[in-house]
Amino acid sequence: MPVADEDEENPYLRDPPTDFRPVEALSEAEAERQVEVLREAVREHDRRYYVENDPIIADRAYDALFARLRELEAAFGLEHPDSPTRRVGGEPLDAFETVEHVAPMLSIDQSGEEADVREFDDRVRRELAASGLVEADLEAGGDGAAGVEYVCEPKFDGVSMEFVYEDGRLERAVTRGDGREGDDVTANARTIASVPQRLHGDHPDFLAVRGEVYMPKDAFQAHNRERIERGEEPFANPRNATAGTIRQLDPSVVAERPLQVFFFEVLDSSDGLESHLEALETFPGWGLRITEELERADSIDDAIRYRDDLLDRRDALPYEIDGVVIKVDDFAAREELGATARHDRWAFAYKFPARAEVTTIQDVAVQVGRTGRVTPVALLDPVDVGGVTVSRASLHNPAEIAEKDVNVGDTVRVQRAGDVIPYVEEVVEKGGEGHWELPETCPVCDSAIEREGPMAFCTGGLACDAQRRRSIEYYASDDGLDVEGLGEKSVRQLVDAGLVETVADLYELDHEALTGLEGWGETSAENVLEELEASREPPLSDFLSALGVPNVGPTTARELAREFGSFAELREVAVDSPGELERVDEVGETVARAVHEFFASEANAAVVDHLVEHVDPRAADVEVGGDELEGLTFVFTGALDEWTRSEAQELVEAHGANATGSVSGNTDYLVAGENAGATKTGEAEDRGVPVLEEDEFRTFLAERGVSAS
């Protein structure tokens, strides 16, 4: 591919060639020249696509140009901070630097009441008339003869940021923070395709603009679907997804998420601008993307009509908005009106009412649980249900979907069971024919999905990433071995970092690996490692429960442990003679089959084999005692000298007490060993629950006639 001369049109703008010369055939000078031409072309194609919405080449051709640019930069060491290739991310950051804004990023006074909007208009016209900037026409609801012109635009429901350009180059991008200063997230902002690294055209030497970073509705639904199918917690709404993404310390994570931006305000500029609308109309020429939903209003009545029209079209917009913003257009008038300590006095947000209960299903994702149970999840246009924004709701199982005739595109009524779990109550209006059908294979591991009555299950077992992740979370949970410090968030972090693939890998963690993770300090790493060490010899019943065998909860696990005495014997019977399991109380045909299938699975067997290299489950050695502790409930935290935590739990249970994993209103005593968990001790203090140290616990038992041996 010949390199274009200075005076030639950029050869990569229209019908770009794909038969590039091999990299090794280029001289350094040729590579530098081609990189510059490619960068110029990619920037122009970005502007055409994101700002003008008028691409001039096919996506495949664009991808080829982008790939060639990355290849040349890597081969010749030509990487540059404002290259379009920075969109793929950079090196992870240790922390964000706090930066002062060029100009204050104040909030906007707001209301959902028309009367408050008209009061804002009255004040604006009154103050500007008093200043002599407009003619004195103060009749409320007048025809605009007072000379105040407004610009109306959507109130985006995203994350507001400051973008600073010097000599046309993106110098920094800063979150709003407290309005005076925020976090420097420039590395993350560079990964957003609609944020230009360089301005186009005849731009100011210095420009600071305010923009709203957001996640488009369809991209949000697709991203949430991916998270659900990976066994991760989905985001509640697009704004939360955006806020959580923009503050990631790893820019490559940001690059993988579908963020966009609208620019909507000049904060400072070296070029004089007279009005807001003039600035916005100039933005696209500089490569700054603006919304098409802009409108000049000659009166407050026009602004109110704009708001009502946009409210009617709200659901059809490709992004979330929660109202409109009405701004005085003239910059001189804005200067006269000024600002309070909290908000600009020349702008007002006319809020939309919250969506209530009825919404549309945009997609259906398949969530795979710890036991392989497959749950369809409806991805919704966010809706307010009892004061909580809901963007997903359970469809429970295939049988219920068929019964309710639910499908993508349907308008549905959403409720919250017990004010907690959202679910689809009924279809209000059909948007598609028939009902949604469950796929034949698991979206996570591609194993077959099998129906059992109204339910459906993935047959992948621990070979399924979703089941494996949830099995690790369950193993460390209160219902498992109660490993403090390993909650859902920390387990996800370990898995995402590649440190843990199965429960057995927990026992191969080391101090260096843990302290290298974000948010892990010396103390938290040491505590988790001590907790894991203390869990290496769990009671057999606790171990069986922690494995997460389908249909085997703590009660059934205790009966199995009591009957078979050792893990090896139970496992052998489960694989070779599952019928013998049915002689155990709490075990019927369904449970016996579930236990057999779990241990007979090759994938599960591999994980269990690896696990028992680190863990030696033992038979319960505490005989049933009396009722000396009947009616009491204990919670244990930290490391005890005389017992493992599981042994202490068995001891009090053998004498009539209950042992639970978390402090509640029913807890009578918290027993705290070394490195006791701050969460549990804090909850005990808040609830007035007595905290016993180990010596006090031993004395407590002796006073009630319970042998601690």
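For D496, the salt bridge (Lys or Arg N to Asp or Glu O under 4.0 Å) partners are R469, not counting sequence neighbours. Contacts of D178 classified as side chain to side chain donor-acceptor pair (under 3.5 Å), with partners at least two apart in sequence or in another chain: none. For R296, the side chain to side chain donor-acceptor pair (under 3.5 Å) partners are E149, D329, not counting sequence neighbours. Residues passing the ring pair (Phe, Tyr, Trp, His ring centres under 6.0 Å) test with F76: none are found, sequence neighbours excluded. Scanning for salt bridge (Lys or Arg N to Asp or Glu O under 4.0 Å) contacts around R392 gives E233, with sequence neighbours left out. In this structure, the ring pair (Phe, Tyr, Trp, His ring centres under 6.0 Å) partners of F348, at least two apart in sequence or on a different chain, are F120. Residues meeting the ring pair (Phe, Tyr, Trp, His ring centres under 6.0 Å) test with F263, sequence neighbours left out: F163. In terms of the side chain to side chain donor-acceptor pair (under 3.5 Å) criterion, R172 has no residue partners (sequence neighbours excluded). R342 is linked by a side chain to side chain donor-acceptor pair (under 3.5 Å) to nothing, counting only residues two or more places apart in sequence or in another chain.
Under the salt bridge (Lys or Arg N to Asp or Glu O under 4.0 Å) criterion, the residue pairs touching residues 258-277 are E265-K327, E265-R334, with sequence neighbours excluded. Residues in residues 197-211 take part in these salt bridge (Lys or Arg N to Asp or Glu O under 4.0 Å) pairs, two or more places apart or across chains: D82-R198.
Across every non-hydrogen atom of F352 and I321, the tightest pair is CE1-CD1, 3.5 Å.
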Donor-acceptor pairs are to be reported for all side-chain atoms of residues 97-105 against protein atoms at under 3.5 Å, with residues two or more places apart or in another chain.
from : atom 1 : to   : atom 2 : distance (Å)
H101 : ND1    : E162 : OE1    : 3.3
H101 : NE2    : T175 : O      : 3.3
H101 : NE2    : R176 : O      : 3.0

